[in-house]
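Data block below; observations after.
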Amino acid sequence: MLLLWQLSLFVSILALLLGVVKNSWTFLLISTITFIPIAYYFSGANNAWKYVGLTPIILFVLTILFWFISKKKMSAVKG
């Protein structure tokens with residue numbers, strides 16, 4: 001079980017880095033989805049670690065922002 005949790009963390013961080021470097025909203029969406037199990041694990045904490053559960057929300061907002069930027073670029077290229 002720990003291996004799956006660590007793999008999820010690794011994939012999430014890798015997808016986040018690739019998404020920011022390549023300006024890709026799909027990689028950011030993958031990062032958001034793969035971080036959900038980690039956030040769920042920490043959401044039951046009764047200390048400051050419970051705020052790790054907010055990370056997928058921040059990643060999702062970042063994904064939407066990158067999606068709007070890419071959509072704007074595509075409409076500028078077509079127009």
Side-chain angles (χ1 to χ4, degrees):
M1 188 61 125
L2 185 62
L3 177 67
L4 292 175
W5 193 79
Q6 289 173 344
L7 183 63
S8 176
L9 181 65
F10 175 73
V11 169
S12 178
I13 292 171
L14 183 67
L16 176 65
L17 292 175
L18 283 173
V20 170
V21 169
K22 292 188 173 199
N23 227 1
S24 171
W25 65 271
T26 52
F27 280 117
L28 289 173
L29 185 63
I30 291 169
S31 177
T32 302
I33 292 170
T34 56
F35 200 83
I36 290 174
I38 299 165
Y40 180 72
Y41 176 77
F42 283 107
S43 66
N46 291 328
N47 52 19
W49 283 104
K50 65 183 173 187
Y51 296 116
V52 172
L54 298 175
T55 306
I57 297 169
I58 296 167
L59 289 172
F60 190 65
V61 168
L62 191 64
T63 301
I64 292 171
L65 180 70
F66 274 51
W67 180 72
F68 278 125
I69 291 170
S70 70
K71 189 174 180 180
K72 189 175 180 181
K73 283 182 184 178
M74 291 301 285
S75 65
V77 170
K78 289 182 182 179

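None of the values given here were measured: they were computed from a predicted structure.
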When the side chains of residues 36-46 are checked against the rest of the protein, which donor-acceptor pairs come out under 3.5 Å, sequence neighbours left out?
residue, atom, partner, partner atom, Å
Ser43, OG, Tyr40, O, 2.8

Residues that, via side-chain heavy atoms closer than 4.5 angstrom, fall in one hydrophobic cluster with Leu54: Tyr51, Ile57
Ile58: hydrophobic cluster co-members (side-chain, 4.5 Å): none
Partners passing side chain to side chain donor-acceptor pair (under 3.5 Å) against Ser24 (at least two apart in sequence or in another chain): Thr26
Just list the side-chain donor-acceptor pairs under 3.5 Å for residues 62-74, sequence neighbours left out, or say none.
residue, atom, partner, partner atom, Å
Thr63, OG1, Leu28, O, 3.4
Thr63, OG1, Leu59, O, 2.8
Ser70, OG, Phe66, O, 3.4
Ser70, OG, Trp67, O, 2.9

Passing candidate, side chain to side chain contact (heavy atoms under 4.5 Å, CB included) with Val11, options Leu7, Leu14, Leu9: Leu7
Gap between atom CZ of Phe27 and atom OG1 of Thr32 - 0.5 Å precision: 13.0 Å
Separation of Leu29 CG from Thr34 OG1 (nearest 0.5 Å): 9.5 Å
Which side-chain N or O atoms in residues 16-23 pair as donor and acceptor under 3.5 Å with protein atoms at least two apart or in another chain?
none

